[in-house]
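Owing to the predicted nature of the structure, the values given are computational and were not obtained by experimental measurement. Just so you know, residue 1 is the first one in the sequence shown, and it goes up from there.
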Amino acid sequence: MEATMKSNQFLTPNLYTSINEVEILDCLVDFGYMPKEFNQNQVISFVKDENFYLVLFMVREDGQKGFLMYEILDFTMHEQELYMMSHLFRNLVASNKNNYTYRKAQYKLDEMLGMVPTFRALYKKRFDVDDYGMAA
């Protein structure tokens, strides 16, 4: 992960990111998504309490390991953050760094974008396009 990134921060009012390993591991344990092994890159995604989580665990060539977590608050009503992240990972895939891991993250984001209407119905959310500007 990048050394200049703060330990945790909101990138937008609804998109939270963290590289704080204790916070990320606590989140994974609390929600039952803790990986069994830490010897290869992994992408973990899940929905909890109407929030979408995307966690990347990466092992660098020098053996360093690290976590990166994104959380989109009330993701069914903040679809633009899913689009923004999908574009971010698409660009990372194009850069050929950790291509497989970033491609898997992008796939999970694109999959969630397709499921947003289903989750809106599940959570009984009303979505008025006129009140909401979304960048595609």
Side-chain angles (χ1 to χ4, degrees):
M1 307 332 129
E2 210 166 295
T4 58
M5 183 177 171
K6 291 182 183 178
S7 177
N8 52 9
Q9 61 187 343
F10 277 91
L11 300 178
T12 72
N14 303 299
L15 175 58
Y16 175 78
T17 186
S18 178
I19 58 171
N20 181 307
E21 290 186 7
V22 172
E23 175 186 8
I24 296 168
L25 288 170
D26 283 348
C27 177
L28 291 171
V29 168
D30 289 349
F31 295 145
Y33 290 94
M34 184 68 159
K36 292 181 180 159
E37 295 184 25
F38 294 96
N39 57 358
Q40 64 183 2
N41 293 355
Q42 299 181 50
V43 178
I44 302 162
S45 66
F46 58 95
V47 174
K48 191 69 173 174
D49 300 326
E50 300 185 27
N51 298 336
F52 173 72
Y53 294 83
L54 181 72
V55 179
L56 283 74
F57 173 73
M58 293 188 279
V59 181
R60 296 190 322 206
E61 290 177 13
D62 63 2
Q64 292 279 46
K65 299 176 181 181
F67 284 95
L68 174 60
M69 179 176 75
Y70 296 94
E71 177 184 6
I72 299 177
L73 308 176
D74 195 7
F75 78 97
T76 63
M77 300 306 289
H78 301 105
E79 196 173 355
Q80 74 272 20
E81 275 81 356
L82 286 170
Y83 278 108
M84 182 177 73
M85 289 179 56
S86 177
H87 288 297
L88 166 73
F89 283 104
R90 185 172 289 117
N91 288 333
L92 288 170
V93 167
S95 76
N96 290 322
K97 294 180 182 175
N98 284 313
N99 200 332
Y100 174 78
T101 304
Y102 294 147
R103 186 177 307 278
K104 191 171 179 183
Q106 181 195 346
Y107 174 78
K108 288 182 180 274
L109 288 160
D110 291 345
E111 186 177 59
M112 286 308 295
L113 279 164
M115 295 192 63
V116 165
T118 303
F119 278 101
R120 278 193 196 127
L122 176 68
Y123 298 136
K124 297 178 175 42
K125 299 279 185 161
R126 187 172 180 279
F127 185 75
D128 188 355
V129 177
D130 292 339
D131 293 339
Y132 185 74
M134 181 175 57

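- Tracing side-chain contacts under 4.5 Å through hydrophobic residues (I, L, V, M, F, W, Y), one never reaches V22 starting from F67; they form parts of separate clusters.
- Between the side chain of N41 and the backbone N or O of V59 there is at least one donor-acceptor pair closer than 3.5 Å.
- Separation of atoms CG (L82) and CD (E111) is listed at 11.5 Å; rounding is to 0.5 Å.
- The minimum heavy-atom distance linking E23 with N20 is given by the pair N-OD1, 2.9 Å.
- For F10, the ring-ring contact (aromatic ring centres under 6.0 Å, His included) criterion is met by Y16, not counting sequence neighbours.
- Contact of the L56 side chain with the F89 side chain is registered, since non-hydrogen atoms from C-beta on lie closer than 4.5 Å.
- Without hydrogens or angle criteria, S95 side chain to L92 main chain gives a donor-acceptor distance under 3.5 Å.
- Y100 and Y102 fall into different hydrophobic clusters, where Ile, Leu, Val, Met, Phe, Trp and Tyr side chains are chained together by heavy-atom contacts under 4.5 Å.
- Between atom CG of residue L28 and atom CD1 of residue I24 there is a gap of 7.5 Å, rounded to the nearest 0.5 Å.
- Between L109 and S86, the shortest heavy-atom contact is CD1-N, 3.8 Å.
- The main-chain N or O of I72 is never found under 3.5 Å from a side-chain atom of H78 such that the two would form a donor-acceptor pair.
- Applying the salt bridge (Lys or Arg N to Asp or Glu O under 4.0 Å) test to R90 and every residue at least two apart in sequence or in another chain returns D110.
- Going from atom CG of N99 over to atom CD of Q106 covers 9.5 Å, rounded to the nearest 0.5 Å.
- A donor-acceptor distance shorter than 3.5 angstrom exists from the side chain of K65 to the backbone of F38, with no hydrogens or angles considered.
- Linking Ile, Leu, Val, Met, Phe, Trp and Tyr whenever their side-chain heavy atoms come within less than 4.5 Å puts M69 and L73 in one cluster.
- Counting only heavy atoms from C-beta outward, the side chains of Y53 and C27 approach each other to under 4.5 Å.
- Note that CD of E21 is 8.0 Å distant from CZ of F57, once rounded to the nearest 0.5 Å.
- Hydrophobic clustering (ILVMFWY, side-chain heavy atoms < 4.5 Å, transitive): M84 and L88 are in one cluster.
- Atom-to-atom distance recorded for Y123:OH and T118:OG1 is 11.0 Å, nearest 0.5 angstrom.
- Taking the six-membered ring where tryptophan is involved, the planes of Y33 and F46 are essentially parallel, since the angle between them stays under 30° and well short of 60°.
- Under the side chain to side chain contact (heavy atoms under 4.5 Å, CB included) criterion, M115 pairs with F119, sequence neighbours left out.
- Note on L68 and L11: same hydrophobic cluster, where clusters join Ile, Leu, Val, Met, Phe, Trp and Tyr whose side-chain heavy atoms are under 4.5 Å apart, directly or indirectly.
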Could you walk me through whether D74 and N14 satisfy the side-chain contact (heavy atoms from CB on, under 4.5 Å) test, starting with their C-alpha distance in whole Å, then the side-chain angles of each, then the deciding distance to 0.1 Å, before giving a yes or no? CA-CA 8 Å; D74 195 7; N14 303 299; over 6 Å; no
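- With T17 as reference, Q9 is the one residue of Q9, M85, E71 to meet the side-chain contact (heavy atoms from CB on, under 4.5 Å) rule.
- Considering only residues two or more places apart in sequence or on other chains, S45 meets the side chain to side chain contact (heavy atoms under 4.5 Å, CB included) condition with F52, L54, K108.
- Between Q42 and T101, the shortest heavy-atom contact is O-CG2, 4.5 Å.
- Applying the salt bridge (Lys or Arg N to Asp or Glu O under 4.0 Å) rule to D62 yields the partners R60; only residues at least two apart in sequence or on another chain are considered.
- Here the CE atom belonging to M58 is positioned 12.5 Å from the CD atom belonging to Q64, to the nearest 0.5 angstrom.
- Judged as a salt bridge (Lys or Arg N to Asp or Glu O under 4.0 Å), and not counting sequence neighbours, the contacts of E50 are K125.
- Side-chain contact between V47 and M112 is present, with heavy atoms from C-beta onward closer than 4.5 Å.
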